[in-house]
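Here is the structure we will look at.
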Amino acid sequence: MRIRTVLAGAAALLVGATVLAAWPSTADRGGPRWAVDDDSRADYGVCRGTDPGCYHDWETAFKTDGVDRVLVYSATGVSRHAHLGRRLAPGMNPPLTDAHVAQQAMRRWGTEHGLSVDWTDDVLQLDSPGKLLRYDAVVFLSNSRDILDDAAQTSLMQYVRAGGGFVAVHNTLGAEYHWPYFQGLLGGAAFYDHGPSRNGHVEKTSRRDVSVADLPKRFVLKDEFYNLAPFPTGVRILAEVDPDTLEGGGKGFNGHPGHPDQHPVTWCQYYDGGRAWVTSLGHEVALWRDGDGNGDADEQARLFKTHVVNGLLSTMGKKPFCRA
């Protein structure tokens, strides 16, 4: 009995080795590389980067139903930014108050562009791929820490792999630290700390990408400029803040020295079949209001709105995505 078991195991190992040896090389398969021979850049086991060949142009539900839908997910695990207001009631599209300025803004901005926008803090609304595959994009809005259970993680992976659009805003860089797939979706980056919210000079680093094309080459924005560890890799950086313009320097409250050479604030990539657009901007409540009577604040809000809306539209595929 033991001899038969050993022989069966050896045969299985031999078959497995044969299958691995017969697996076609990257060159034979064609298309972008699915593994990156670079210790400085994690590939998270998926096709990711700026090559459109990583995108899955499948005929999924959101591409064939004739409706442009967006889901805004603003669940938080620990900290909750003022622009989110109090935690929303369970279910889809619960009542919003004036304090839910970011959710209200996403709904308002979407309506202005003919989009149908849903919103929720309820992880149960993400518990099956079928629920997400209705949406041309999902917006993760200033989430924090653990905000997805196992079912929602599986749904998000299936959605992204089907060509879904993923937008991450501000504190979402501080969510799902322990799920490597999500960190990869964020560009291999994560929030570490920040200094005080203050004005900084934001500069666009792409000429043609729609999320920055209509912005000045250099403009002032008040925000928490996040220090990142790890630093984003394999992505197209679209905008950065000039660290020399940050009053008091770039050092964060938890000791991060800042990014004196390059301090990115927005980037994009193709990831595991989908599109991902990520911005660390969006802390100030005033950025989510279309105007409060203050000239400087109104101009910053206008620029921020232009940035986010066009990033969203490009991630949905309604405008060109992630251009240099």
query = If you count the non-hydrogen atoms of other residues, nucleotides and ligands that lie under 6.0 Å from NZ in K131, is the total more than 12?
reply = yes
request  = Look at atom CG of N254 and say whether more than 12 heavy atoms of other residues, nucleotides or ligands are closer to it than 6.0 Å.
outcome  = yes
[X]/[Y] ion pair, N-O < 4.0 Å:
X: D193; Y: K251; value: no
X: D298; Y: R302; value: no
X: K63; Y: D57; value: yes
X: R161; Y: D272; value: yes

Measure across [X] and [Y] and return the closest heavy-atom pair with its distance rounded to 0.1 Å.
X: K318; Y: D68; result: NZ-OD2, 2.9 Å
X: H100; Y: G85; result: CD2-CA, 3.8 Å
X: L281; Y: V169; result: O-CG1, 3.7 Å
X: L238; Y: V212; result: O-CG1, 3.7 Å
X: G188; Y: P230; result: O-CG, 3.1 Å
X: I237; Y: T205; result: O-OG1, 2.6 Å

message = Show, in sequence, the C-alpha distance, side-chain angles and deciding distance for Q104 and R107, and conclude whether the side chain to side chain contact (heavy atoms under 4.5 Å, CB included) test is met.
response = CA-CA 5 Å; Q104 293 274 27; R107 183 175 68 167; 2.8 Å; yes
Ring center gap for W288 and H81 short of 6.0 angstrom = no
Aromatic contact, W119 with Y73 (centres under 6.0 Å) = no
Taking the side chain as everything from C-beta on, heavy atoms only, tell me whether [X] gets closer than 4.5 Å to [Y].
X: R323; Y: P320; value: yes
X: F219; Y: K204; value: no
X: L221; Y: N199; value: no
X: R48; Y: V235; value: yes
X: V139; Y: L312; value: yes

Once you round to the nearest 0.5 Å, how far does [atom1] of [X] lie from [atom2] of [Y]?
X: L185; Y: L156; atom1: CG; atom2: CG; value: 6.0 Å
X: N171; Y: L84; atom1: CG; atom2: CG; value: 8.5 Å
X: M106; Y: S74; atom1: CE; atom2: OG; value: 10.5 Å
X: H256; Y: Y226; atom1: NE2; atom2: OH; value: 14.0 Å

request  = Pick out which of H83, E284, E224 makes a side chain to side chain donor-acceptor pair (under 3.5 Å) with H170.
outcome  = E224
task = Start with the C-alpha distance between E203 and V241, add both sets of side-chain angles, then the distance that settles side chain to side chain contact (heavy atoms under 4.5 Å, CB included), and finish with yes or no.
result = CA-CA 6 Å; E203 301 175 335; V241 64; over 6 Å; no
key: Residues E176, I147; criterion side chain to side chain contact (heavy atoms under 4.5 Å, CB included); working and verdict   = CA-CA 7 Å; E176 294 292 318; I147 40 85; 4.0 Å; yes
task = Check the pair N143, T76 against side chain to side chain donor-acceptor pair (under 3.5 Å), reporting the backbone distance first and the verdict last.
result = CA-CA 5 Å; N143 317 103; T76 50; over 6 Å; no
ask   = If we ignore angles and hydrogens, is there a donor and acceptor under 3.5 Å between the side chains of T306 and D214?
value = no
inquiry  = Among residues at least two apart in sequence or on other chains, which ones pass side-chain hydrogen bond (donor to acceptor under 3.5 Å, both in side chains) with H263?
reply    = none
inquiry  = I'd like to know whether D209 forms a side chain to side chain donor-acceptor pair (under 3.5 Å) with S211, so could you lay out the CA-CA distance, the side-chain angles of the two residues, the decisive distance to 0.1 Å, and finally the verdict.
reply    = CA-CA 6 Å; D209 187 78; S211 70; 2.6 Å; yes
message = Just to verify, which of Y135, F182, Y270 counts as forming a ring-ring contact (aromatic ring centres under 6.0 Å, His included) with F166?
response = F182
request  = Please assess D290 against W109 for the test side chain to side chain donor-acceptor pair (under 3.5 Å), listing each intermediate value before the final yes or no.
outcome  = CA-CA 10 Å; D290 288 343; W109 298 347; 3.1 Å; yes
task = Indicate the ring-plane relationship of Y159 and F62, choosing parallel, tilted or perpendicular according to the 30° and 60° boundaries.
result = tilted
request  = Test salt bridge (charged side-chain N to carboxylate O under 4.0 Å, His left out) on R275 and D136 and set out the steps.
outcome  = CA-CA 11 Å; R275 304 183 184 101; D136 297 77; over 6 Å; no
Geometric cation-pi criterion, R145 with Y177: 6.0 Å, 45° = no
task = Could you please spell out the steps behind the side chain to side chain contact (heavy atoms under 4.5 Å, CB included) verdict for L71 and T120?
result = CA-CA 8 Å; L71 176 64; T120 189; 4.1 Å; yes
